[in-house]
Asks: 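Quick one: the structure is below, questions incoming.
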Amino acid sequence: MKRPQQIAFRPLVRIWSVLPRPSASLPDLIMFSSGLALFYCVVEVGRNWLGPFTPHVEISRSLGALPVYAGYSLLRIALAYVLSLLFAVTYGYIAAYRPRAERFMIPLLDVLQSIPVLSFLPGVMLAMAALFPGRQLGVELGAVLLIFTGQVWNMAFSFYASLKSIPREMREAATIYRFNWFQRFIKIELPFATIGLVWNSMMSVAGAWFFLMACEQFGDFRLPGLGSYLQAAADNGDTRSILLGILTMVAVIVLIDQFVWRPVIAWAEKFKMEQVESADAPTSWVLDILQRSRGVALFRERAFRPLHERMVHYFASQNEIRAESPSENKRALWLWRVVGAAALGAIGYAVVRVVIILTGLHGSEFRQLGFGLIATFLRVNLALVLGALWTIPVGVAIGFNPRLARIAQPLAQIAASVPATALFPVVLLILIRLGGGLGLGSIVLLLLGTQWYILFNVIAGAIAIPTDLKEAASVFGIRGWERWRKLILPGIFPFLVTGMVTASGGAWNASIVAEYFHFKGQTYSTVGVGSMISAATDAKNFDLLLASTIALAAVVVTTNRLVWRRLYRLAETRFKLEG
């Protein structure tokens, strides 16, 4: 009686042995499920964004609404980041390799990064709403563009600085192997800039969370999201909702760290320029799953690699065509001349209009603007000094110790991402009880918003220092201050300059929320140009808003030209990592 049962069971054993093992198909199953979830989210978001515009959105402060709001905010940040990455790579590449364009593009970048989000806010929102009348899409795209303005500048500076500091022997190797521009970009320039770009990307996303409260709510334009949730909670003095919103944001940041940044950091380790491999390289379980996925490998083999080869052949053939017929450059030159003339005409008209507007301001407003610039200038530079004092040693320690980085990296992201405006009520109440006012509180808020630019760039610089140089310093007994003077400070110097430049611009930008604050129906303010910009926005005094923004941008550009540009030039010449 037992034998027939065994015979009946054998086919099932054979079938089970033929089926793929769960451990082998698990990565593909995860990737397939993620694709389905992403497709569902795209359909739902498309349905809402293409629907009619709803001007008065009620923000629910219930616990069940938080996951949906977090999803909306994360989508806006992700779209803005994609735009920021494309813009940063394109802008940084042109500025690094076109000396004539560089003279105008870098000062323009200084101006753009110094203009506060609130100065962009009215024009961008009204323009996008008019571009898509009656559609939710216009307001959503306006919020994405505003988040873009808070993300892109430090990424563009990082990519530009990395291209300017590429070692001479790497460029010579590209010339010897006759790389076309696409091969040079893929095999040399982009890999060399990857580490700095990754860490500045993390800082950019953190900065997007910082300004989310301003980007998701402007007058009647209110969008469902974590930023508007926290703003509604702050307006009503609802401490419980503020804490729930912050905890939700922290949870999202931790998930992003595990599923995005940690895999990217582990993957970017291979672009480190060194001859000795690090003994304790960063790892990621998500990256391990992706590398074991047969679907990802098949996509890379069947789609990505053929596309890469076609692009290489295409640009190689384009180089040959250009070499044979250089006369086409004349038409392009005349086209650029026409475009330049049109741009100069538009700029001249705008300057005339600005002069007409500024002549309508009173002398008292100009005096107030002068005192505000001096006050904000002192606060910004004090915040930079205080931030550098702790971020440089801590950033070097994190960059030199991958085990410490695995713990400190998500903590730094959380600290950099939590909007200081959500924590500011608590900080302000503590300072008032201790006898301090908003003048001291604004410095604390500037630190909370800008010190992370320095920290993330210092970490990237410390990671980029080759392991063989570290081992050589240890072999020769270089320790203590000598190690800092001969290895660490020269190695991180280009990244440190980028961090200080972006932190300076970020501090000026953050002054709009540091010097002027609404809490429980009351307005707290202190002397400063950021306070003037915020007050002018509330009063819809666009003439004073324009004057304050121009004055702020002028101070930032002047500082960059006199200080930071010279340090960039020093980093390009003396502190290049080359033989």
Side-chain angles (χ1 to χ4, degrees), residues 33-34 36-81 117 121 125 128-129 135-147 150 205-260 413-414 417-426 513 518-521:
S33 302
S34 302
L36 286 180
L38 181 62
F39 178 75
Y40 171 76
C41 292
V42 169
V43 171
E44 285 296 315
V45 169
R47 184 183 304 167
N48 291 329
W49 284 22
L50 296 177
F53 172 58
T54 52
H56 302 287
V57 177
E58 291 294 330
I59 302 299
S60 173
R61 299 202 301 274
S62 65
L63 184 62
L66 280 172
V68 179
Y69 289 165
Y72 277 119
S73 296
L74 185 59
L75 175 65
R76 297 182 189 112
I77 290 174
L79 291 176
Y81 172 74
V117 172
L121 190 57
M125 278 299 188
M128 298 307 296
R135 294 288 181 182
Q136 189 72 14
L137 180 63
V139 184
E140 292 285 355
L141 290 180
V144 170
L145 288 178
L146 288 171
I147 297 172
V205 173
W209 289 107
F210 183 87
F211 287 108
L212 199 64
M213 293 171 67
C215 295
E216 290 184 347
Q217 182 169 332
F218 170 65
D220 293 334
F221 301 109
R222 179 184 290 180
L223 297 172
L226 272 182
S228 54
Y229 179 92
L230 288 170
Q231 186 66 58
D235 290 342
N236 291 274
D238 190 347
T239 307
R240 174 182 174 274
S241 296
I242 291 176
L243 292 177
L244 288 176
I246 292 176
L247 289 175
T248 304
M249 187 179 295
V250 169
V252 173
I253 293 167
V254 171
L255 290 176
I256 294 174
D257 173 70
Q258 288 294 318
F259 286 93
V260 179
Q413 287 183 57
I414 292 170
S417 303
V418 174
T421 46
L423 298 175
F424 200 49
V426 180
V513 292
H518 294 287
F519 183 61
K520 288 187 176 180

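The basis for the numbers below is simple: all heavy atoms, side chains too, and nothing from hydrogens, waters or symmetry mates.
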Asks: Is there a side-chain contact between Val205 and Ile253 in this structure, where contact means two heavy atoms from C-beta onward sitting under 4.5 Å apart?
Replies: no
Asks: Which distance, rounded to the nearest 0.5 Å, do you find between the CG of Leu63 and the OG1 of Thr248?
Replies: 7.0 Å
Asks: Of the non-hydrogen atoms in Arg76 and Ala143, which two are nearest, and what is the gap between them?
Replies: CD-CB, 4.2 Å
Asks: State, to 0.1 Å, how close Leu226 and Gly245 come at their nearest heavy-atom pair, and which atoms those are.
Replies: CD2-O, 4.2 Å
Asks: Has Ser228 got a side-chain atom pairing as donor or acceptor with Leu223's backbone, closer than 3.5 angstrom?
Replies: yes
Asks: What pair of heavy atoms forms the shortest contact from Ser60 to Tyr69, and how long is it?
Replies: N-OH, 3.1 Å
Asks: Please find the pair of heavy atoms, one from Tyr229 and one from Ser241, that lie closest to each other, and give the distance.
Replies: CE2-O, 3.2 Å
Asks: Show the nearest heavy-atom pair for residues Leu230 and Met249, with the distance to one decimal.
Replies: CD1-CE, 3.6 Å
Asks: Can Ile256 and Leu74 be said to form a side chain to side chain contact (heavy atoms under 4.5 Å, CB included), step by step?
Replies: CA-CA 10 Å; Ile256 294 174; Leu74 185 59; 3.4 Å; yes
